[in-house]
Number of protein chains: 2
Amino acid sequence: MRPEPEKLVKEAVERARASGLRRTKALEDVLSILIDACQPLTLADIAESKDLDSGADKATVYRLLMKLEERSLIRRLGLHDRSAYYTMILPGEHSDYLICNDCGRIEKLDIACPVQVLEKQIAKKSGFKKLYHELEFFGQCPDCAEKVG
Amino acid sequence: MRPEPEKLVKEAVERARASGLRRTKALEDVLSILIDACQPLTLADIAESKDLDSGADKATVYRLLMKLEERSLIRRLGLHDRSAYYTMILPGEHSDYLICNDCGRIEKLDIACPVQVLEKQIAKKSGFKKLYHELEFFGQCPDCAEKVG
DNA sequence: ATACATGCAAACATTTTGCTTTGGC
DNA sequence: GCCAAAGCAAAATGTTTGCATGTAT
C-alpha cells in the first residue's frame, strides 16, 4: 500500500474544504475509499462499499463525485458521456485520440504511438494474452478555451 | 480521407462474412459508417445516421455491434461495462492500468509512462489547455486464459 | 440563521432482451 | 426450407433530478 494513506485522505479532505465543500462524514468516506482503492471505482463500488461507514445514499455519493470532479479532486475516466463508443479495428492501423472535455469533439491523432514497445514488455511481464492499448489525450480545445476563458 | 474507403468497407464486409455473418444491408451500412467516421461512434450515432440507408432499428444495430465486437472487427472503447469510473487525482501521481477484458480486473501499472514527453508536444501543437492523458492496456489475464483456453 | 448536504423516490437515458416476422443462404 | 437477422416493444441497468428535511458553518 501507499505510504501514509491517512495523511493522503486528510490532505484530500483539506483540499475539498478549501474548494468550498463542507466536512461531512460522507465526504471523508468517499475520499478515503477512493484513495485506499488505488484504482478506478464506480459509483456502485463506492455507494455499496462496506467502508462507507456513514451509509450515505447513492444519490449523495453521486453528488459528491460530481462536486469532486468539478473541483479536480477526482477524474472520471473514459470518453465523457454515458454512451459506449465503438471503433473499427483496421489491419495495421492504430489510433490515439485527442478529446475536448468541454465540447466533446474527438480528433484522431496522427502520431507515432510510443506505447507499442512498452506494450510488448507488459505482455511478457504480465502474461496477458491479446494485449492492446488505448491512449487518449483530454483537455480543453482552443475554441472552448476562448468561449469560457 | 483515407485511401479507398470503399475498398476498406468491402474488405470488412468480407471479413464479417467469413466470420459467419450474413451479408445484409444493415451490416454493410454499419461497417461503412464506422469506416467513414475515422473516429469512435456511439450506438446512437450509428442508428440515427443519415448514412444508415437501410433505416435499421436501434436493436438491430446494437446486435450487429455485439457480433462485430465478438469477432474483433470493431472495438468498444473504455472500461468495459456501462458504468462510469472515478479515480483520485493525487499530486505528482499518474497512473496507467492493465485491465482484463474477461474478468474485468483492473491492475495499476507501476511503469514510467512514456507518454509524458509526447503530451507536451501535443499540448504545444494542438493548443489544448489542461491537457492530460489516459493510457490503458487491455487483454486476457492468465487466469481467464486458463479458464477458457 | 442560512445555505449547503442528505435521503428517498421518481424521472431519464441508454442498453439489453423477448418474441414474432422477414430474408439470406 | 432452415436458421440467422430484423423490427417493435418492453425490461433492465445505471445516472440524474425534485423536494422535503437535516446539519455544518
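Model, not experiment: these values are computed from the prediction.
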Does A:Asp29 pair with A:Lys25 as a salt bridge, N-O distance under 4.0 Å? yes
Residues A:Arg75 and B:Glu134 bridged, charged N to O under 4.0 Å: no
Here the distance between atom C1' of D:dA6 and atom CE of B:Met66, to the nearest Å, is 16 Å
Under 4.0 Å between a side-chain N or O of B:Thr60 and OP1 or OP2 of D:dG7? yes
Which is true for B:Ala26 with a 4.0 Å heavy-atom rule: it touches a base, it touches only sugar-phosphate, or it touches nothing? sugar-phosphate
Under 4.0 Å, heavy atoms only, any strand: does A:Lys67 hit a base, just the sugar-phosphate, or nothing? sugar-phosphate
Between A:Ala59 and B:Leu64, which has a closest nucleotide on DNA chain D that is more 5'? B:Leu64
For the side chain of B:Lys58, counting heavy atoms from C-beta on, which of C:dT15, C:dA13, D:dT25 is nearest? C:dT15
Could you tell me whether the side chain of B:Arg22 has a donor or acceptor atom within less than 3.5 Å of a complementary atom in the base of C:dC25? no
Atom pair distance, as rounded to whole Å: CG in A:Asp57 and P in D:dT15: 14 Å
Rounded to whole angstrom units, what separation is found between the CG atom of A:Leu31 and the C1' atom of C:dA5? 15 Å
What integer distance in Å separates B:Asp45:CG from C:dT15:C1'? 15 Å
Does a sphere of radius 6.0 Å around CG in A:Asp81 hold more than 12 heavy atoms from other residues, nucleotides or ligands, not counting ones at 6.0 Å or beyond? yes
Could you check A:Arg23 against B:Gly20 and say which one's nearest nucleotide on DNA chain D is further toward the 5' end? B:Gly20
Which nucleotide in the set C:dT16, D:dT15, C:dA5 lies at the smallest distance from any side-chain heavy atom of A:Leu21? C:dA5
Rounded to whole Å, how long is the line connecting atom CZ of B:Arg82 with atom C1' of D:dT16? 16 Å
Using whole Å, what does the distance between atom C1' of nucleotide C:dC4 and atom CD of A:Glu70 come to? 14 Å
Could you state the atom-to-atom distance from CG of A:Asp81 to P of D:dG14 in whole Å? 17 Å
Result block: side-chain N/O donor-acceptor pairs under 3.5 angstrom for residues 13-21 of chain B, not counting sequence neighbours:
from	atom 1	to	atom 2	distance (Å)
B:Glu14	OE2	B:Arg23	NH2	2.9
B:Ser19	OG	B:Ala16	O	2.7
B:Ser19	OG	B:Arg71	NE	3.1

Distance-only donor-acceptor hits, side chain of residues 63-70 of chain A, under 3.5 Å, sequence neighbours excluded:
none

Measure from CD1 on B:Ile46 to C1' on C:dT15 and round the result to the nearest Å. 14 Å
Below 4.0 Å: OP1/OP2 of D:dT15 and any side-chain N or O of A:Tyr62: no
Polar side-chain contact B:Arg63-D:dG7 base: donor and acceptor under 3.5 Å: yes
On the nucleotide D:dA24, are OP1 or OP2 found under 4.0 Å from the side-chain N or O atoms that A:Arg17 carries? no
Give A:Ala56 one of three labels, base, sugar-phosphate or nothing, depending on what nucleic acid heavy atoms sit under 4.0 Å from its own. sugar-phosphate
Check B:Glu93 with B:Lys108, please: is the shortest side-chain N to carboxylate O separation under 4.0 Å? yes
Among C:dG24, D:dA12, C:dA5, which nucleotide has an atom closest to any side-chain atom of A:Thr24? C:dA5
